[in-house]
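As the structure lists them, so they are numbered: ligands from 1, and atoms in each ligand from 1.
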Amino acid sequence: MFTRRTFMAGTAAATLLFSAASHAQYKDEYTVSTVLPSAFPWGQAADKWVELVKERSEGRINMKIYSNSQLVSGDQTKEFSAMRSGLIDMAVGSTINWSPQVPELNLFSLPFLMPDYAAIDAITQGEAGEAVFAAVKKRGVTPLAWGENGFRELSNSKLTIDEPTDLDGLKIRVVGSPLFQDTFTALGANPTQMSWADAKPALTTGAVDGQENPLSVFDVARIDQVGQKYLTRWHYMADPLVFAISNRVWDQFSPEDQALLKQAAVDAGQWEIEKSRSEVDGILASIKERGVEVTELTPEQRDAFIKATESVYDKWSSRIGADLIKQAQDAVANRNQ
Ligand code: X2X
């Protein structure tokens, strides 16, 4: 009896030692950065990822979300560098915010590249999406899955916008990459780059006349309450979200846990994309109910905006990669509709 007990105790101790050694480098908690919190689809995507990982790892892998870009003092364009250097472990981030460090991510910001959801999917789920992920990986961060912030629509406090000349001299808050500066300059507007943290105060004081963001962001952040009475659904671009882990952290996970983290991100991303797309019509109705004037562009009106922003492609083609742009355009042309 005594012998048997000793043997069992010895086995248990060995098992404990073994598991301690194999998980020696795991942290008690991993930081996950987001710009938008849980009230927005973006924050919900991160919540879902954290929840699925905890559940599937039976509590071994714990992640904690830090929203409002607080890990980079509100400057969302610093998120990627912070992840690369290991200051942030993981993130669910927008392609726009990481594009200063990963030029290929500017692909999604090219005006009027993606006319509909099928076009977004054709890029992200195809070879162009793989090429973009390879570019992210090369710069120090492992991308795991796609999510979606959404089609970015234009709002302002001054007038109905249905042709490029309406933007003449309008002060527009833009985000992230200098590409936005070029798009809005091409349209005759006066763009100002600022973080999301600074955007609402700037709209409130009238320091800027307008902004562009997905309908879900306009709705949840109650952008109409700061005087943004006019909204144009021009669908000029959409920013996918990327679920990602710093390469340094990724390399510390066992292959099984890497697979678990990736699959959870894929599932969370798919869940969030479906959910946010299904909510758009309801959001639009509630925005209209609150008195916002919503303008839908006719195909001819949209063409005028496409023409007016063509110069952005010439300017950005070499930075993004002419081959990548061509690959994306082909994917869009051949998309399932
Ligand atoms: O800052 C924005 O406009 C936001 C919240 O949409 C992004 O982070 C890209």
Close-contact set for ligand 1 against Asn149 heavy atoms, below 4.0 Å: 6 (O)

Return yes when Arg173 approaches ligand 1 closer than 4.0 angstrom through a heavy atom, no otherwise. yes

Could you find the nearest protein heavy atom to atom 8 (O) of ligand 1 and give me its residue, atom name and distance? Asn97 ND2, 2.9 Å

Indicate yes or no: does an N/O atom of Ser94 lie under 3.5 Å from an N/O atom of ligand 1? no

How about Lys78: does its NZ atom have over 12 heavy atoms from other parts shown lying under 6.0 Å from it? no

Answer with yes or no whether the side chains of Asn213 and Gln211 bring together a donor and an acceptor at under 3.5 Å. yes

Under 4.0 Å from a heavy atom of Trp42: which atoms of ligand 1 are those, numbered in the order shown and with their elements? 5 (C), 7 (C), 8 (O)

Sub-4.0 Å heavy-atom contact, Gln211 with ligand 1: no

Other residues, nucleotides, ligands: >12 heavy atoms within 6.0 Å of Lys200 NZ: yes

Does any N or O of ligand 1 fall below 3.5 Å from an N or O anywhere on Gln76, backbone included? yes

May I ask you to decide if the ring planes of Phe151 and Tyr117 are parallel, tilted or perpendicular, using 30° and 60° as cut-offs? tilted

How close does the nearest protein non-hydrogen atom get to atom 4 (C) of ligand 1, and which residue and atom is it? Asn213 OD1, 3.7 Å

Students often mix this up, so state it plainly: with edges at 30° and 60°, are the rings of Tyr26 and Phe253 parallel, tilted or perpendicular? perpendicular

Would you please indicate yes or no on a ring centroid separation below 6.0 angstrom for Trp42 and Phe40? no

Show me which atoms of ligand 1 lie under 4.0 Å from any heavy atom of Asp239. 9 (C)

Indicate the atoms forming the closest heavy-atom contact of Glu29 with Met63, along with that distance. CG-C, 4.4 Å

